[in-house]
Amino acid sequence: MTERSVNHATFAIERVYPVSPAKVFNAFADPAIKRRWFAEGEGWEVEAFDGEFKVGGHERGSFRFKGGSRIRNETIYQDILPDRRIIIAYSMMVGDARLSSSLATMEFAPEGAGTRLKFTEQGAFLDGHDKVESREQGTSELLDAVGVELARQASPKS
């Protein structure tokens, strides 16, 4: 029998984006935009990505990195305050192993001509399959990808 354990941890990451809170919020709310920064990318194969952005709605994704093990994300939207806040509960799995279950809050606040995003995650990391440091790094990379997506949207179409 495998040793069972739970490591509880919290982290917070902030980013400032040079666009309005409505535009940053929309990068999380619009499924097509979110798929680009959250699921797609070099080396990633997206098997499924769907959702319903509303309180009680879900988001489900299934991915592989360079043909590796299947990674799944299952999210339930707990609270949505347009242009101000999103709260989700989500679980991550790799293959048949559940890595974690988390509560995450995204807060969007005006800052100058832009937006300060504060992302806070409270996680239960299970059975040594994942560590808070890895999740924080991955989340930081995703928030960088939001910035790339927002810049792409702002650039003139050629």
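With salt bridges taken as basic N to acidic carboxylate O contacts below 4.0 Å, none links E74 and R60. By the 4.0 Å N-to-carboxylate-O rule, E133 lies too far from K131 to be salt-bridged with it. Note on E59 versus K34: salt bridge recorded, some NZ/NE/NH1/NH2 to OD/OE distance being below 4.0 Å.
Distance alone, capped at 3.5 Å, places no donor-acceptor pair between the S134 side chain and the D130 backbone. A donor-acceptor pair is defined here as one N or O able to donate and one able to accept, closer than 3.5 Å; no such pair exists between the side chain of D127 and the backbone of H129. Put simply, the side chain of W37 gets close to the backbone of A27: a donor and an acceptor are under 3.5 Å apart. The closest donor-acceptor contact from the side chain of N26 to the backbone of A29 lies at 3.5 Å or more, if one exists at all.
Across all non-hydrogen atoms, the minimal contact from R72 to G95 is NH2-O, 3.7 Å. Looking at every heavy atom in both residues, G128 comes nearest to S5 through N-OG, 3.7 Å. Scanning both residues, L143 and Y17, for their nearest heavy atoms gives O-OH, 2.7 Å. Nearest heavy-atom pair, A12 versus K118, reported as atom, atom and distance to 0.1 Å: CB-CE, 4.3 Å. The minimum heavy-atom distance between I33 and Q153, with the atom names listed, is CG2-NE2, 3.4 Å. Nearest approach of V19 to T115, heavy atoms of both residues: O-OG1, 2.6 Å.
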Can you check salt bridge (charged side-chain N to carboxylate O under 4.0 Å, His left out) on R36 and E149, steps first, answer last? CA-CA 8 Å; R36 282 195 299 268; E149 173 62 25; 2.8 Å; yes
Evaluation steps, ring pair (Phe, Tyr, Trp, His ring centres under 6.0 Å), between F38 and F28: CA-CA 9 Å; F38 184 81; F28 288 82; 9.1 Å; no
Trace of the side chain to side chain contact (heavy atoms under 4.5 Å, CB included) decision for M106 with L117: CA-CA 7 Å; M106 288 134 276; L117 168 68; 3.9 Å; yes
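By the rule that hydrophobic residues join a cluster once side-chain heavy atoms approach within less than 4.5 Å of another member, V94 and F65 end up as members of one cluster. L103 and F125 sit in two unconnected hydrophobic clusters of ILVMFWY residues. Membership requires side-chain heavy atoms under 4.5 Å apart, directly or through other members. Under the 4.5 Å side-chain heavy-atom criterion for ILVMFWY residues, a single connected hydrophobic cluster contains both F25 and V55. One hydrophobic cluster holds both L99 and I71 under the rule that ILVMFWY side chains link at heavy-atom gaps under 4.5 Å. Cluster annotation: L142 is not connected to M93 through the hydrophobic network of ILVMFWY side chains, with a link wherever side-chain heavy atoms come within less than 4.5 Å.
M92 CE to L126 CG: the interatomic distance, rounded to the nearest 0.5 Å, is 12.0 Å. Remark: N73 CG to T75 OG1 distance equals 4.0 Å, nearest 0.5 Å. In this structure, CZ in R84 is found 12.5 Å from CG in D79, a value given to the nearest 0.5 Å. The structure places CD1 of I87 at 4.0 Å from OG1 of T105, a figure rounded to the nearest 0.5 Å. For the atom pair CD (Q122) and OG (S102), the distance works out to 9.0 Å, reported to the nearest 0.5 Å.
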Distance-only donor-acceptor hits, side chain of residues 41-49, under 3.5 Å, sequence neighbours excluded:
unit_1: E47; atom_1: OE1; unit_2: S62; atom_2: OG; d: 2.8
unit_1: E47; atom_1: OE2; unit_2: R64; atom_2: NE; d: 2.4
unit_1: E47; atom_1: OE2; unit_2: R64; atom_2: NH2; d: 3.4

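Using modelled atom types and a 3.5 Å distance limit, the side chains of E121 and Y90 yield a donor-acceptor pair. A side-chain donor from one of S140 and R15 sits under 3.5 Å from a side-chain acceptor of the other. S91 and R98 share a donor-acceptor pair across their side chains, judged by distance under 3.5 Å alone.
Annotation: ring-ring contact (aromatic ring centres under 6.0 Å, His included) contacts of Y77 (sequence neighbours excluded): F53.
Between F119 and F11, the closest side-chain pair of non-hydrogen atoms falls below 4.5 Å. Considering only heavy atoms from C-beta on, I76 stays 4.5 Å or farther from I88 through its side chain.
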